[in-house]
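All values below come from the heavy atoms of this structure, side chains included, with hydrogens, waters and symmetry mates left out. Below, chain A is the first sequence line, B the second, and so on; all start at residue 1.
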Number of protein chains: 2
Amino acid sequence: MPYTYTHPHPAVTTDIVVFTVETQALKVLLIRRKGPPHEGQWALPGGFVRIDESVDACAVRELEEETGLKGIYLEQLYTFGDPDRDTRERVISVAYYALVPLQGLELRSGTDAADAAWWTVGGLPVLAFDHGRIVTMARARLTAKMEYSTVGLLFMPDSFTLSDLQGLYETVSGRPRDKRNFRKWILSLDVVEETGERKAEGAHRPAMLYRMKTPGNVKIIK
Amino acid sequence: MPYTYTHPHPAVTTDIVVFTVETQALKVLLIRRKGPPHEGQWALPGGFVRIDESVDACAVRELEEETGLKGIYLEQLYTFGDPDRDTRERVISVAYYALVPLQGLELRSGTDAADAAWWTVGGLPVLAFDHGRIVTMARARLTAKMEYSTVGLLFMPDSFTLSDLQGLYETVSGRPRDKRNFRKWILSLDVVEETGERKAEGAHRPAMLYRMKTPGNVKIIK
DNA sequence: CCGTGTTAGTGTCAACCATACACAAACAGG
DNA sequence: CCTGTTTGTGTATGGTTGACACTAACACGG
């Protein structure tokens, strides 16, 4: 069933930069392309916007379809609209980025493990289309947002230690942080609270466990 | 000549929030719609993305076509993609915002004066489509950016006094500023320089004129 | 059971930055 | 030459940020 217009229309997709932090490294989810163009190359998860769904809803749906992840923090990043982004037809991509916590790492069971993988940013392969550019911009936005909001907490599992949290901030934003100053800072923001439990691991003093006061909520600082 | 696709495609437009500052007020350029839908209502300037031009280029072109303004600061704002934004067909809008200096206020000679006008933000009429939402977001972005960059300078004519500049900052970001502190601050940023000329107007001490060191350049602060 | 190694947890002081604040200088006009 | 008006300038204070070192709690091995 063909669809006909009096003027040419572009196709519109969403592409999603899914970030997580694992083993002291910021990682991005990539999918190996199964068809042309760029067959076999790594690309961002994403897909075409359906005619009756909002662009936001498309991003949510694609994220779930390709990764099985639901209820994840998702924010629009930027729209990429160069006419030759895609060789098949004119495609405009609305890019989003998502942050998933350490614990929700299970990828969609349906997908072959070889076709979806977490890559450390900084060691990325050449990506399909202009997806390299998209990742670069997403990374810049994320590091900027780490400085003036509490997005960093979204990478954390339900409960965590302040040392874990400090480690996360250091790996994502690069910058090392002083232990005492970091703790003063994060506690003064009034966004985490003690769970009352301790995490005993290894031959040393056990650490207090914390949780977000309002899970999923992002606070803008200053 | 019809254009046919195997899947339905949305139309894509750009809409532009053009800001200026005039007589102590932040203003937005609005155009009265000449055809349905929302005929006669006020709306943002903008139009459909052509199939062979980039989305950025479309914004530049529309800005020039509808206002005659060229070489203006223009930045992508956000993409609005709700399925029922437009009653005619599915339309996704990539919104931009632009800042024009006081001196370049001449609107396109072709346009009837009654059909294009500067409106003070805060006193806007009900706008067509979701353009009200777009303006709100643009305003938020602008005030935020005033705090951590030198975008404010883009509203200034080629030469200006520091008092003028302070007045501009006060009207755009609301917040009043201390005269001495403002001058210390702006001078420490190293973005303006004295022209050597003075502006004598009225029965009082003439003010030193300044200009941007690198016109059109926006510096990120801190 | 005691010593060792390892991470958790805590306060103070100095440097820097942001803010508040008042008066002389330069001009036009009467 | 007096008045009214806007320009232009420095200092002191309070708050914020950043540097810095030792004790607490535990597991393990001897």
Kindly list each side-chain donor-acceptor pair under 3.5 angstrom involving residues 213-222 of chain B, sequence neighbours excluded, with atom names and distances?
unit_1, atom_1, unit_2, atom_2, d
B/K213, NZ, B/D190, OD1, 2.4
B/T214, OG1, B/N217, ND2, 3.3
B/K219, NZ, B/L189, O, 2.7

Below 4.0 angstrom, N of the basic side chain to O of the carboxylate: do [X] and [Y] qualify?
| X | Y | value |
| --- | --- | --- |
| A/E170 | A/R175 | no |
| B/K199 | B/D164 | yes |
| B/E75 | B/K145 | yes |

Grab the N/O contacts between the protein and nucleotides 24-30 of chain D below 3.5 Å, and write none if there aren't any.
unit_1, atom_1, unit_2, atom_2, d
D/dA24, O4', A/R205, NH1, 3.3
D/dA24, N3, A/R205, NH1, 3.4
D/dA25, N3, A/R205, N, 2.9
D/dC26, O2, A/A203, O, 3.1
D/dC26, O2, A/H204, N, 3.2

message: If I take atom CD in residue B/E194 and atom P in nucleotide D/dT7, what distance separates them, rounded to the nearest angstrom?
response: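 Taking atom P of D/dT7 as the reference, CD of B/E194 is at 15 Å.
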Sort me out a list of protein N/O and nucleotides 9-17 of chain D N/O pairs below 3.5 Å, or just none if empty.
unit_1, atom_1, unit_2, atom_2, d
D/dT11, O4, B/K184, NZ, 2.8

Going by the rule ring-ring contact (aromatic ring centres under 6.0 Å, His included), which residues pair with [X] if we only count those two or more places apart in sequence or in a different chain?
| X | value |
| --- | --- |
| A/F80 | A/Y78 |
| B/W119 | B/W42 |
| A/Y73 | none |

task: Identify the heavy atoms of A/R141 and A/L77 that sit nearest to each other, and give their distance.
output: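 Shortest heavy-atom contact: NH1-O, 3.2 Å.
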message: Expected output is a numbered-order residue list: members of residues 161-177 of chain A with a heavy atom under 4.0 Å from any atom of DNA chain D. What is it?
response: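 None - not one residue of the stretch has a heavy atom sitting under 4.0 Å from the strand.
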query: Going 5' to 3' on DNA chain C, which nucleotide is the first and which the last to come under 4.0 Å of a heavy atom in chain B?
result: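 First-to-last contact on DNA chain C, by the 4.0 Å heavy-atom rule, is C/dT19 to C/dA28.
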Residues within residues 151-159 of chain B bordering DNA chain C, heavy-atom distance below 4.0 Å: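 Heavy-atom contacts with DNA chain C come from no residue of residues 151-159 of chain B; none.
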query: Can B/T79 and A/T79 be counted as having a side-chain donor-acceptor contact under 3.5 angstrom?
result: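 Note: B/T79 and A/T79 side chains meet the donor-acceptor criterion.
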field: side-chain hydrogen bond (donor to acceptor under 3.5 Å, both in side chains) involving B/T14 - partner list, sequence neighbours excluded
entry: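 Scan of B/T14 (side-chain hydrogen bond (donor to acceptor under 3.5 Å, both in side chains), adjacent residues dropped) gives none.
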field: Under the side-chain hydrogen bond (donor to acceptor under 3.5 Å, both in side chains) test, residues paired with A/R183 that sit two or more places apart
entry: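 With sequence neighbours excluded, A/R183 shows a side-chain hydrogen bond (donor to acceptor under 3.5 Å, both in side chains) to no residue whatsoever.
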query: Which residue pairs pass the ring pair (Phe, Tyr, Trp, His ring centres under 6.0 Å) test with at least one member in residues 186-222 of chain A, sequence neighbours excluded?
result: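 Of all non-adjacent pairs touching residues 186-222 of chain A, none passes ring pair (Phe, Tyr, Trp, His ring centres under 6.0 Å).
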message: So if I apply the side-chain contact (heavy atoms from CB on, under 4.5 Å) rule between B/Y96 and each of B/L44, B/V17, B/L63, B/D56, which one comes out positive?
response: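 The side-chain contact (heavy atoms from CB on, under 4.5 Å) with B/Y96 is passed solely by B/D56 among B/L44, B/V17, B/L63, B/D56.
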A/Y169 and A/W185 aromatic centres sub-6.0 Å: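 Between A/Y169 and A/W185, the centre distance is under 6.0 Å.
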query: Quick one: NZ on B/K184 to CG on B/N181, what's the gap to the nearest 0.5 Å?
result: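 The CG atom of B/N181 is 4.5 Å from NZ of B/K184, to the nearest 0.5 Å.
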